[in-house]
Every structure is written in structure tokens, then in C-alpha cells.
There are 2 protein chains.
Amino acid sequence: MIETRLLRSFLVVADELHFGRAATRLHLTQPPLTRQIQQLEGDLGDVALFDRTRRQIALTQAGQAFVVEARRILDQLAHAVDRTQRVARGESGRLRIGFISTANYSVLPGLLKAFASRFPDVEVELLESTGDEQARLLADGILDAGLLIASDPVPDLESLPLYREPLVAVLPRSSPLASRTGTMAVKPLRAEPFVLFPRVLAPSLYDKIIAYTEKAGFSPYVAQEARQMQTIIGLVAGGLGVSIVPACMQNLRRDDVVYQRLSPKAPEITTFLVWRADRSSSVLESFLEHCRPLAKTSPKRVRAKR
Amino acid sequence: MIETRLLRSFLVVADELHFGRAATRLHLTQPPLTRQIQQLEGDLGDVALFDRTRRQIALTQAGQAFVVEARRILDQLAHAVDRTQRVARGESGRLRIGFISTANYSVLPGLLKAFASRFPDVEVELLESTGDEQARLLADGILDAGLLIASDPVPDLESLPLYREPLVAVLPRSSPLASRTGTMAVKPLRAEPFVLFPRVLAPSLYDKIIAYTEKAGFSPYVAQEARQMQTIIGLVAGGLGVSIVPACMQNLRRDDVVYQRLSPKAPEITTFLVWRADRSSSVLESFLEHCRPLAKTSPKRVRAKR
DNA sequence: TCTCGATCATACCCAAAGCGTATCAAACAG
DNA sequence: CTGTTTGATACGCTTTGGGTATGATCGAGA
């Protein structure tokens with residue numbers, strides 16, 4: 001089998017066209033170098049790489065061809081070492097991140113943009129999914145990290161709170177309930193039909209909304225269900241009802257809807273980054289390092305920012 | 001330095017994910033294999049390729065990246081061996097061939113087509129040139145072989161006669177000298193202006209033409225010189241004169257010229273393949289082997305064919 | 001929880017591979 | 001024709017790498 005040592009030696013001999021000088025450059029003496037080339041020629045099937053009939057040796061055509069190939073192989077090897085080291089350092093590789101749709105309007109875009117500029121060789125794969133589904137995909141090793149809304153720590157997963165936001169009401173712009181101040185009371189929503197997502201998709205968020213309205217004395221009448229936030233807001237715009245959504249959805253600006261802060265103060269929800277403590281790859285480690293400074297430990301900091 | 005032995009072992013371990021089984025496949029025992037992987041990880045800069053914390057070892061992300069790279073390197077190596085052997089066998093490589101313009105109308109096209117179909121991986125480089133120039137380029141090692149017209153063996157070169165042909169007259173179709181039979185006497189050309197090439201370009205052919213006309217009792221009056229056969233025939237077509245050219249030029253068919261066999265019998269010329277005996281590369285060897293069956297040893301065989 | 005089997009790591013020894021010194025053989029310059 | 005240069009060969013020795021024995025650790029099952 002041809003070892004890289006033979007390739008290295010061959011390239012130096014091919015460069016010097018002189019066994020003695022080549023041996024010096026390789027920090028060895030001439031006889032072993034001669035044997036190396038002989039062995040290489042043998043391994044290639046007794047192909048003559050050099051023409052030694054005269055005093056000055058010369059590359060045969062086969063030798064010239066092999067120079068090109070050998071150089072390519074050693075380049076490839078150097079590249080392999082570099083790439084592997086970068087993957088080990090978490091500077092290169094693949095990162096699979098799950099996220100709930102609202103993250104697309106809050107932390108996700110900025111997070112990815114900043115991370116991509118710091119780690120340009122990391123290929124990020126995104127998968128929109130519910131919180132429960134993400135937990136399952138993390139357990140199965142399909143995902144490296146997830147972005148989801150939670151109140152309690154997710155079992156078996158590490159987590160980092162990234163974003164706190166209140167819930168807000170969303171109404172058709174034509175609705176008489178829409179106020180100039182941007183704030184409205186919850187109570188009047190009692191009479192409105194609601195557009196909401198099916199509870200299974202995000203039970204904790206769903207229950208928070210229901211608990212909030214029930215504290216105000218009513219259970220919302222869900223006139224229409226939709227699975228995605230964008231769709232919910234589209235249906236609100238179409239006049240099918242009102243809804244209560246995370247504040248970040250205000251980033252989805254539409255002329256035909258208005259968002260309203262609620263009083264009494266609507267509950268806040270937190271978007272967490274979650275991952276498995278036991279399966280930390282270097283790329284994930286890089287990503288976590290990148291995210292940690294962005295953690296929102298206290299709700300006050302979020303308030304201050306607004 | 002990373003040897004291919006380490007790459008081979010690594011790929012088997014990565015495939016089996018089990019040191020013991022991998023060692024069996026590699027025809028060695030487990031401890032040295034463990035050391036090989038340790039050495040490989042050390043050579044990569046203490047990068048962990050496998051996760052050995054659990055019973056079942058697993059590839060790290062760096063390990064996964066290195067699998068791809070290592071496989072590529074070994075593939076490249078196999079390809080290098082194959083290609084080098086093919087070059088050594090003369091099945092691949094580059095062949096630089098010089099030729100005189102008339103060869104383009106006689107042996108060259110067929111020769112190259114047949115050779116290319118037998119040796120598809122040989123890259124043939126063509127260089128149109130005079131006979132003397134070809135001899136010089138062969139001596140300098142620029143050319144591997146040449147196609148030229150000669151009467152005497154070229155000094156320091158091996159040669160193989162490939163094509164024998166008589167000289168023929170070429171006249172404007174409108175010329176009253178053009179006969180129906182396709183044969184004409186030389187004598188009437190005495191009164192015609194000639195289009196010929198400068199003597200330096202092909203002294204032996206030039207002298208043959210002059211000797212022939214002088215035997216018929218005249219020296220041609222060269223009204224116009226041109227370096228290329230196509231141009232000479234073009235000028236004949238344009239009515240600037242007549243000429244005497246190798247018979248193969250009849251392959252350059254034009255409505256406005258006619259070719260005529262000459263009487264008394266015009267001298268024959270031979271196109272030779274020439275090469276340096278001392279610089280025979282394998283590709284050249286293949287080419288010579290391909291050409292030898294085409295050699296025309298006796299003029300009779302050529303005659304017989306017509 | 002404890003034990004045992006499976007599996008990778010380590011220690012140590014030996015054989016093979018590879019390097020160095022000495023020398024030979026051939027080619028070329030003078 | 002001779003001496004010098006240069007690649008090839010011979011042989012001894014060091015180093016490398018593989019084998020055997022054994023240790024350490026993890027996990028399955030009692």
C-alpha cells in the first residue's frame with residue numbers, strides 16, 4: 001500500500017531531480033530515499049517514475065502524471081486535516097435547529113444572522129415544528145437545538161431563556177374595539193369570535209390565553225382554528241374574528257389588522273433555546289456560546305428595552 | 001505525518017463502530033488498531049474522532065467530517081495509481097505531433113481518427129510545420145513525432161514510410177491544357193507561369209519538381225510564391241498560373257481547378273513518420289505500434305491499391 | 001445494588017520495517 | 001583514459017508497529 005511518506009519523498013525528488021539533494025531536504029540520506037522510490041514504483045506495478053539511464057535523472061511521462069496526482073492527494077490531506085480541526089473547534093459543520101413559528105418573528109432572524117457571520121462555515125438547517133415535536137426530535141438526535149415557548153423547564157433538556165414578551169390582542173383594523181392608544185381592555189373581547197390554534201400544537205400557550213380570559217370573566221368562543229400564526233392573523237384581517245398572540249407577531253405588519261396591548265396586564269411568555277446536555281457537539285457548543293450573552297434572565301431587561 | 005494506513009484503519013473502524021471487529025477485518029488485533037486511531041487523533045491535533053464514553057463507540061462530528069475526507073483521499077489515491085499505470089502503458093497521456101500541410105490531405109486525418117478510437121485517453125497535440133522545423137523540434141524534445149516528406153533518411157531520426165504518391169499538375173479549369181483523360185504531358189507547362197512555394201520550406205520536394213521539369217527541357221517560371229498548399233491551389237484557381245503538387249492535394253476539390261496526371265511519369269514522394277529513437281515514451285510507443293501496420297514499404301503496394 | 005461479560009486502553013515484548021554507513025557501478029567531464 | 005559525480009546495493013542497527021496479557025469501565029441482568 002502506498003503511504004503518504006512515499007508521496008512526499010517522490011515530490012521532493014521530482015522537484016530536485018537529484019536523489020542526494022532531495023534526501024538532504026527530507027532530512028535523510030540518499031540510500032533509503034532510493035529505496036523509497038523503488039518501493040513506490042513497485043507499488044504502482046513496476047512503473048518507472050524516473051528515467052535514470054543518464055547522469056541527470058528525469059521524470060518519465062508516468063512520473064509527470066504521478067506528480068500531479070500526488071500533489072493533489074497531499075493537498076487533499078492537508079485540507080482534510082484543516083476541515084476536521086475546524087469541525088472539532090465548532091467552526092464548521094452542520095447544526096439542525098427546530099423552531100416554533102413565532103420565533104421567526106422574534107429571536108430567530110437576528111440570532112441566525114449574527115451566528116452565520118461569526119461562523120460562516122457552519123451550515124444551519126432549520127425545521128419549523130411545535131414544542132413537543134422538537135423535544136421528541138431532540139431526544140432522537142435529529143435536532144441539535146430547539147426554539148420553543150415554555151413555562152416550566154423541559155424535562156431532560158437544558159434551556160436558556162432568550163426572549164420574553166407579553167401577549168397582545170389582534171383585531172381587524174375596521175373593528176370599533178381598536179383604540180388609538182394601542183391599549184385596550186380584555187373584557188370587550190368576550191363578545192367577539194376568536195381565531196385560535198388547536199390546543200395540541202402548544203398546550204402551554206393555549207392554556208395561558210384561556211386562563212387570562214377566564215380571569216377576565218369569559219371563555220373565548222373559538223369560531224375558527226388555524227395552525228399557523230400567519231394564518232391566524234390573515235383570518236383576523238379577513239374579519240373572521242379576533243385573537244391573542246405573542247407580541248412579536250407585531251413584526252408581521254399588515255394594513256388591515258391592529259395589535260393592542262391588553263389590560264389587565266396580559267401574561268408574558270418566554271421563548272427558550274433548548275438542547276440535550278449529553279449530546280453536545282462542538283458546533284452546538286459554539287452556538288450555545290454565541291447565544292448565552294443574549295439570554296434574558298429577568299423580565300425587567302426586556303421591559304427596559306422597549 | 002498522517003499515513004494512508006491510518007486512513008484505511010480509520011474508515012474500517014468508522015464503518016464497524018467496533019474496534020475488535022474492525023481489527024479482524026484489517027487482519028490485526030485490537031490493541032494496535034486502538035493505537036493507530038490514537039495516533040491519528042494526535043496527528044490531527046488531538047481531535048477526538050470517536051466518542052468512547054459509552055459501550056458503543058460513535059463518530060464525533062469531526063469524525064464524520066473526516067470519514068468523508070479520508071474516503072476522498074483514498075479514492076484519489078486509487079485513481080492516481082490507475083492513471084499513472086495507464087500513462088505508463090501508453091494508454092493515456094499527451095502526444096505532440098508535427099506535420100506538413102500536405103499530410104492534412106493524405107494520411108493525417110485517418111491516422112488520428114483510428115488512433116483516437118483505440119486510445120481515447122491520449123491527448124494529441126498537432127503542430128503544422130516544415131520538415132526541417134520538425135527535425136529541430138524533435139531534437140529539442142518539443143515534438144514526439146513528425147510527419148514530413150523526405151527522400152533520404154533524416155539523420156538521428158527513426159522513420160517509417162507511410163504514404164507514397166506521385167506529383168500531379170494543377171491547372172485552372174478554364175485552361176485549354178486540361179484534358180478529359182486526366183493525364184497530360186509536362187512539356188506544355190513550359191509556357192505557363194508557375195505558382196510555387198519558397199524553396200527553403202521544402203528543399204527536397206522543390207528540387208524534385210525542378211529536376212522533373214528540367215528533364216522535360218525547361219525551368220519553370222515562378223510568377224508567384226505562396227507558403228501553403230491551399231494558397232497555391234487558390235492562386236491557381238484564380239488564374240495566376242499552374243503548379244505541380246503532391247497527388248493528395250486532389251482531396252482539396254475545387255470546381256475551378258483540375259488535377260492532371262503527368263507524362264512522362266512524375267516522380268513519387270514519400271511521407272514519413274519520424275521520431276527520436278532515444279526518447280521513446282510509452283504513448284509514442286503506442287502510436288508507433290498503431291502506425292507500423294500502415295507502413296508502405298514498396299511503391300508497388302501503393303500502385304496496386306490505386 | 002451487585003456481578004459479570006463486553007469493550008476499549010495500557011504495558012510489555014518481539015519481529016519487521018526503515019534508516020545510516022560503507023561500498024559498488026555506471027556515466028560523464030576533462 | 002581517469003577521476004568525479006551520482007544512483008544502487010549490502011549490511012548492521014534503531015525505531016516502529018504488531019501481538020499477548022491485562023487493566024479499567026460501562027452496561028445488562030440477576
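Computed from a prediction, not measured in an experiment: that's the story for all the values here.
Side chains of A/Gln61 and B/Ser282 form no contact here, defined as non-hydrogen atoms less than 4.5 Å apart. Using a 4.5 Å cut-off on side-chain heavy atoms (C-beta onward), A/Leu95 and A/Phe115 make contact. Using a 4.5 Å heavy-atom cutoff, the side chains of A/Ile100 and A/Ile149 are in contact.
A salt bridge does not link A/Glu69 with B/Arg86: every distance from a Lys NZ or Arg NE/NH1/NH2 to an Asp or Glu carboxylate oxygen is 4.0 Å or more. Under the 4.0 Å criterion applied to side-chain N and carboxylate O atoms, B/Glu91 and B/Arg89 are assigned as salt-bridge partners. Salt bridge annotation for A/Asp207-A/Arg199: present, with a cationic side-chain nitrogen under 4.0 angstrom from a carboxylate oxygen.
Distance, A/Phe50 CZ to D/dT6 C1': 14 Å, rounded to whole Å. Atom CD in A/Gln56 sits roughly 8 Å away from atom P in D/dG7 (whole-Å rounding).
Within a heavy-atom distance below 4.0 Å of DNA chain D, the residues of residues 14-22 of chain A found are A/His18, A/Phe19, A/Gly20. Sorted by residue number, the members of residues 25-41 of chain B with any non-hydrogen atom under 4.0 Å from DNA chain C read B/Gln30, B/Pro31, B/Thr34, B/Arg35, B/Gln38.
For the pair A/Phe10 and A/Phe66, the tightest heavy-atom approach, listed with the atom from each and the gap, is CE2-CD2, 3.5 Å. Residues A/Ala62 and A/Val47 share a closest heavy-atom pair of CB-CG1, 3.6 Å. The minimum heavy-atom distance between B/Ser151 and B/Lys208, with the atom names listed, is OG-NZ, 3.8 Å. The nearest pair of heavy atoms linking B/Val283 to B/Gly93 is CG2-CA, 4.4 Å. Across all non-hydrogen atoms, the minimal contact from A/Gln134 to A/Gly146 is OE1-CA, 3.0 Å.
An end-to-end axis angle of 30° holds for the helix from C/dT1-D/dA30 to C/dG30-D/dC1, taken from five base pairs per end and rounded to 10°.
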Only distances under 3.5 Å count here; give the side-chain donor-acceptor pairs of residues 24-33 of chain A to other protein atoms, sequence neighbours excluded, each with its distance to 0.1 Å.
| residue | atom | partner | partner atom | Å |
| --- | --- | --- | --- | --- |
| A/Thr24 | OG1 | A/Gly20 | O | 3.1 |
| A/Arg25 | NH1 | A/Asp15 | OD2 | 2.8 |
| A/Arg25 | NH1 | A/Glu16 | OE2 | 2.8 |
| A/Gln30 | NE2 | A/Thr34 | OG1 | 3.0 |

Legend entry - side chain to side chain contact (heavy atoms under 4.5 Å, CB included) evaluation trace for A/Gln76 with A/His79: CA-CA 5 Å; A/Gln76 184 79 48; A/His79 170 260; 4.2 Å; yes

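When the shell of 6.0 Å around CZ of B/Arg71 is examined, it contains 12 or fewer heavy atoms from other residues, nucleotides or ligands.
The phosphate of D/dT16 (OP1 or OP2) has no side-chain N or O of A/Arg5 nearer than 4.0 angstrom.
Boundaries of the chain A contact region on DNA chain C are C/dG18 to C/dC28, first to last in 5' to 3' order (nucleotide atom under 4.0 Å from a heavy atom).
Along DNA chain C, the nucleotide nearest A/Arg52 and the nucleotide nearest B/Ile57 are compared for position; the residue whose nucleotide lies closer to the 5' end is B/Ile57.
Of the N and O atoms on the side chains of B/Asp51 and B/Thr53, at least one donor lies less than 3.5 Å from an acceptor on the other residue.
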Extract from the structure each pairing of a protein N or O with an N or O of nucleotides 28-30 of chain D at less than 3.5 Å, listing the distance.
none

